[in-house]
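Quick notes on the structure that follows.
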4 protein chains.
Amino acid sequence: MKDVSVADEVTRAAVELFAAQGYANTSVQQIVEAAGVTKGAMYHYFESKDDLLFAIYDRMLTLQQSRLDEIIARGGEVDDVLRAVCVDVIETSIDFLPEGTVFFRSLHMLSAPRQQEVTRRRRVYHDRFAALLQQGQDAGLYRTDIPQPVLIAHFFSDVHYLSHWYSPEGPETKSEVAEQLTDLFLTGIRLTNGSAT
Amino acid sequence: MKDVSVADEVTRAAVELFAAQGYANTSVQQIVEAAGVTKGAMYHYFESKDDLLFAIYDRMLTLQQSRLDEIIARGGEVDDVLRAVCVDVIETSIDFLPEGTVFFRSLHMLSAPRQQEVTRRRRVYHDRFAALLQQGQDAGLYRTDIPQPVLIAHFFSDVHYLSHWYSPEGPETKSEVAEQLTDLFLTGIRLTNGSAT
Amino acid sequence: MKDVSVADEVTRAAVELFAAQGYANTSVQQIVEAAGVTKGAMYHYFESKDDLLFAIYDRMLTLQQSRLDEIIARGGEVDDVLRAVCVDVIETSIDFLPEGTVFFRSLHMLSAPRQQEVTRRRRVYHDRFAALLQQGQDAGLYRTDIPQPVLIAHFFSDVHYLSHWYSPEGPETKSEVAEQLTDLFLTGIRLTNGSAT
Amino acid sequence: MKDVSVADEVTRAAVELFAAQGYANTSVQQIVEAAGVTKGAMYHYFESKDDLLFAIYDRMLTLQQSRLDEIIARGGEVDDVLRAVCVDVIETSIDFLPEGTVFFRSLHMLSAPRQQEVTRRRRVYHDRFAALLQQGQDAGLYRTDIPQPVLIAHFFSDVHYLSHWYSPEGPETKSEVAEQLTDLFLTGIRLTNGSAT
DNA sequence: TATGAATGAGCCTTCATTCAT
DNA sequence: TATGAATGAAGGCTCATTCAT
């Protein structure tokens with residue numbers, strides 16, 4: 001009985017190498033060697049190197065979407081839900097730091113149709129996030145003087161940027177960073193009893 | 001008499017192509033064709049493709065550093081200076097959107113020594129920014145409950161992310177976005193009369 | 001109970017694909033898919049892809065030889081026999097147009113020993129045809145000023161060429177073409193003292 | 001000063017190898033080795049292996065067309081012109097026997113657009129030949145009871161077939177075969193004082 | 001300075017065939 | 001008989017870089 005399938009092992013090796021050296025600098029040969037399989041075996045499961053890259057995107061997109069949906073489905077006060085979502089996105093991104101590196105850096109290496117597919121699913125994800133923001137705005141919790149796309153970019157930029165600076169070996173723990181970035185974001189958008197701007 | 005030098009023309013073409021297709025997907029042949037020069041001519045000015053990429057980094061790093069230094073040199077209230085810096089960084093990043101795309105996406109394509117060189121100069125840049133923050137914190141303007149590296153990442157993530165979403169053709173003008181993102185950032189870090197977190 | 005055996009189904013699919021795309025451009029995978037069987041099943045009946053190609057040659061050679069032998073065995077005036085042979089060869093070639101395409105185009109794709117085997121059997125076939133010609137020449141019916149190999153080539157070139165131009169959907173029927181080409185051939189070789197036919 | 005260009009040398013080697021082993025069985029590596037150049041040099045002149053194959057077709061098509069046009073342009077009695085054309089086509093085909101082998105055997109290995117291009121130019125060529133036949137028929141020289149496409153196929157089948165049997169080392173000289181096949185063809189289609197069919 | 005033909009290493013991919021089940 | 005995952009050897013092609021001119 002094999003512990004892990006060829007496909008899993010290949011994907012794991014690919015993520016690691018793509019994150020470390022970049023997609024273009026990683027040869028299929030390196031991947032299969034790191035995965036301990038043969039080239040032929042890999043091509044039995046993946047049609048192309050592009051296919052392998054997309055598999056990584058697919059896994060990430062599916063994971064992100066399902067976690068977001070789950071938290072929203074749980075319900076609760078909108079401010080609590082948004083906070084929970086932000087914390088979770090950041091924590092998950094830290095759990096999948098190499099995947100994130102690849103995700104945000106290698107989109108342009110995908111074939112054009114797949115770039116569009118990723119962008120489409122990403123938009124769905126953002127839209128659900130935007131709906132939360134809207135609820136909070138409707139409830140008078142969040143400022144409305146800044147366009148929603150800017151607010152969304154403001155939050156996801158933090159998520160995106162994690163792989164550029166965060167290290168598990170660094171002084172901050174995953175949870176701390178999640179709390180801190182979430183706090184910075186929410187403080188920035190919250191309509192305090194006083195005035196915004 | 002030529003309007004522009006070979007080196008300039010090549011750099012210009014390279015930035016455009018690297019931003020549009022990625023460094024790895026762009027051949028030297030494409031670059032020299034787009035620049036209207038020959039391969040031999042290019043190799044007179046750049047030792048390698050890597051050299052060409054580094055030239056783009058060098059130009060950006062120099063530009064960013066000089067603008068930051070200049071604004072700081074101008075002096076003034078720390079809060080005003082920080083605000084001016086933030087606005088300027090964002091506006092400049094929008095002015096150089098393709099350069100920014102390359103800058104944040106292709107670091108790993110540089111040779112190792114040059115990656116370190118970029119990182120080193122980037123750190124110098126961040127340190128100067130951090131010093132500003134520190135001044136504000138010392139003056140009791142900004143919160144101190146969040147580590148400085150997190151605060152810095154929080155701001156530069158917005159800068160980084162611009163090339164992922166901002167479009168000059170979009171509804172927001174350069175100045176508006178610069179004001180909005182700066183405001184979100186400063187609101188997030190400012191120590192209001194009440195308490196943060 | 002299966003209507004057709006695996007071997008038959010595979011051969012049928014192979015002929016079709018080889019004729020349409022060529023032997024080299026057809027993968028074993030395509031063949032087994034078109035035949036509705038698995039690779040393993042195919043390799044139970046054929047030792048190799050080469051084996052499969054040879055099976056097609058074998059079937060054609062056997063068919064051609066047996067039809068020729070049968071018509072000659074029937075006996076009759078030599079001119080009538082030759083005419084019957086020519087008409088039959090052409091009609092049969094039209095009935096097996098895809099097989100013919102493969103037959104004349106893919107000989108060089110066979111392994112060397114099998115190429116020789118095909119050539120050998122082909123020579124036997126031609127020799128029997130030559131014997132007919134000889135009989136006619138001995139009887140003073142056909143011209144002798146042209147070497148037999150040239151006469152034989154002149155006839156079989158027509159057969160060979162059918163797959164390059166003839167289409168069942170075209171204006172000429174199988175029988176018409178058979179008659180016309182046979183007539184052109186016989187008119188060309190006949191020693192007319194007076195009239196033709 | 002080089003005697004032959006890289007492109008010429010490569011084409012020459014390719015024709016030889018394609019004729020001997022088939023297009024599919026010949027690797028680019030074999031070609032460049034036989035031509036005494038490097039792979040890179042070859043790809044400087046040919047975009048692909050397909051491109052190289054097409055170059056052979058192009059040369060043959062151009063040659064055939066120009067010879068046909070030239071002979072027709074020379075003018076004369078239609079029967080003499082047709083005879084001259086037939087003899088020339090056969091002699092030229094013998095001069096370019098390897099090219100002919102490739103020409104008639106490897107059409108299906110070309111990319112689809114190029115197959116069409118070849119077919120188109122081939123049709124132009126056949127049409128000019130057909131016009132000659134028509135003139136002869138109008139002049140009452142050639143039989144009209146057989147469709148022109150059949151007559152044309154009847155002649156070109158001989159040309160096509162040459163590479164399957166003719167050898168310069170064989171007993172027949174180029175000119176003899178040309179005369180003999182032309183004679184067989186013309187005898188077959190000529191309307192003698194008597195009746196045909 | 002400038003040209004562009006030529007180099008040569010390496011890359012992604014295909015595919016006939018094998019073999020444990 | 002039959003499966004289909006896995007093998008392993010090529011194969012076609014790209015491309016940064018060099019160099020004679």
Side-chain angles (χ1 to χ4, degrees), chain A residues 2 5-7 9-10 23-32 35-53, chain B residues 2 5-7 23-33 36-53 109 111, chain C residues 2 5-7 10 23-33 36-53 109 111, chain D residues 2 5-7 10 23-32 35-53:
Chain A
K2 288 211 231 122
S5 76
V6 168
E9 202 58 21
V10 167
Y23 176 82
N25 288 333
T26 303
S27 71
V28 169
Q29 189 58 43
Q30 284 179 302
I31 296 171
V32 297
V37 305
T38 63
K39 233 185 256 193
M42 191 212 98
Y43 274 97
H44 195 73
Y45 293 95
F46 299 94
E47 292 196 337
S48 62
K49 195 185 171 190
D50 182 85
D51 210 39
L52 182 48
L53 179 57
Chain B
K2 288 208 229 124
S5 78
V6 169
Y23 176 81
N25 289 332
T26 303
S27 70
V28 170
Q29 189 60 44
Q30 282 180 302
I31 295 170
V32 297
E33 271 167 19
V37 306
T38 62
K39 242 186 238 186
M42 192 212 95
Y43 274 96
H44 265 279
Y45 294 94
F46 300 95
E47 291 197 337
S48 63
K49 195 185 172 192
D50 183 84
D51 210 38
L52 183 47
L53 179 57
M109 303 304 287
S111 69
Chain C
K2 289 212 227 118
S5 77
V6 168
V10 167
Y23 175 80
N25 289 333
T26 303
S27 70
V28 170
Q29 190 59 42
Q30 281 181 302
I31 296 169
V32 297
E33 270 167 20
V37 306
T38 62
K39 241 185 235 185
M42 191 212 98
Y43 274 95
H44 265 281
Y45 294 94
F46 300 95
E47 290 196 339
S48 63
K49 194 185 171 189
D50 183 85
D51 210 38
L52 182 49
L53 178 58
M109 304 304 287
S111 68
Chain D
K2 288 211 229 119
S5 76
V6 168
V10 167
Y23 176 81
N25 289 333
T26 304
S27 70
V28 170
Q29 189 58 42
Q30 283 179 303
I31 296 171
V32 297
V37 304
T38 63
K39 229 185 261 193
M42 191 211 99
Y43 275 98
H44 195 74
Y45 293 95
F46 300 94
E47 292 197 336
S48 61
K49 195 184 170 190
D50 183 85
D51 210 38
L52 182 48
L53 179 57

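Per chain, numbering begins at 1; letters A, B, ... match sequence-line order. Bear in mind the structure is a predicted one, so any value in this text is a computation, not a measurement.
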Pair assignment for dC15(F), Watson-Crick or G-U wobble, requiring both distances under 3.5 Å: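 dG8(E) - that is the nucleotide pairing with dC15(F), both distances being under 3.5 Å.
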State the pairing partner of dA20(F); accept Watson-Crick or G-U wobble contacts with both distances under 3.5 Å, and report none otherwise.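 When the pairing criteria are applied, dT3(E) turns out to be the nucleotide that pairs with dA20(F).
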Determine, for Tyr23(C) and Lys49(C), whether the Lys NZ or Arg CZ falls below 6.0 Å from the six-membered ring centre while staying within 45 degrees of the axis.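 Yes; both conditions hold, so Lys49(C) lies above the ring face of Tyr23(C).
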Ignoring backbone atoms, test whether His44(B) places a side-chain nitrogen or oxygen under 4.0 Å from the OP1 or OP2 oxygen of dA2(E).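 The answer is no; no side-chain N or O of His44(B) sits under 4.0 Å from OP1 or OP2.
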For Ser27(D), check side chain to side chain contact (heavy atoms under 4.5 Å, CB included) against everything at least two apart and list the hits.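 Ser27(D) satisfies side chain to side chain contact (heavy atoms under 4.5 Å, CB included) with Gln29(D), Gln30(D) only.
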Which is true for Tyr45(C) with a 4.0 Å heavy-atom rule: it touches a base, it touches only sugar-phosphate, or it touches nothing?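 Answer is sugar-phosphate: Tyr45(C) comes under 4.0 Å of backbone atoms only.
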Take Met42(B) and Leu52(B), measure what side chain to side chain contact (heavy atoms under 4.5 Å, CB included) needs, and give me the verdict at the end. CA-CA 9 Å; Met42(B) 192 212 95; Leu52(B) 183 47; 4.3 Å; yes
Of the non-hydrogen atoms in Phe46(B) and Asp51(B), which two are nearest, and what is the gap between them?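 Here Phe46(B) and Asp51(B) meet closest at CA-OD2, 3.6 Å.
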Considering only heavy atoms from C-beta outward, does the side chain of Val28(C) approach that of Tyr43(C) to under 4.5 Å?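 Yes; the side chains approach each other to less than 4.5 Å.
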Is there a side-chain contact between Met109(B) and Asn25(A) (heavy atoms, below 4.5 Å)?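 Counting from C-beta outward, Met109(B) and Asn25(A) do come under 4.5 Å.
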Grab the CD-P distance between Glu33(C) and dT3(F) for me, whole Å please.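 Rounding to the nearest Å, CD of Glu33(C) and P of dT3(F) are 13 Å apart.
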If a protein heavy atom is under 4.0 Å from the base, mark B; if only from the sugar-phosphate, S; if neither, -; do that for nucleotides 11-21 of chain E going 5' to 3'. SBBB-SBB---
On a whole-Å scale, what distance lies between the C1' atoms belonging to dT21(F) and dT1(E)?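 It comes out at 13 Å once rounded to the nearest Å.
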With DNA chain E as reference, determine whether Val37(B) or Thr38(D) sits nearer its 5' end, using the nearest nucleotide of each.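 So the residue in question is Val37(B).
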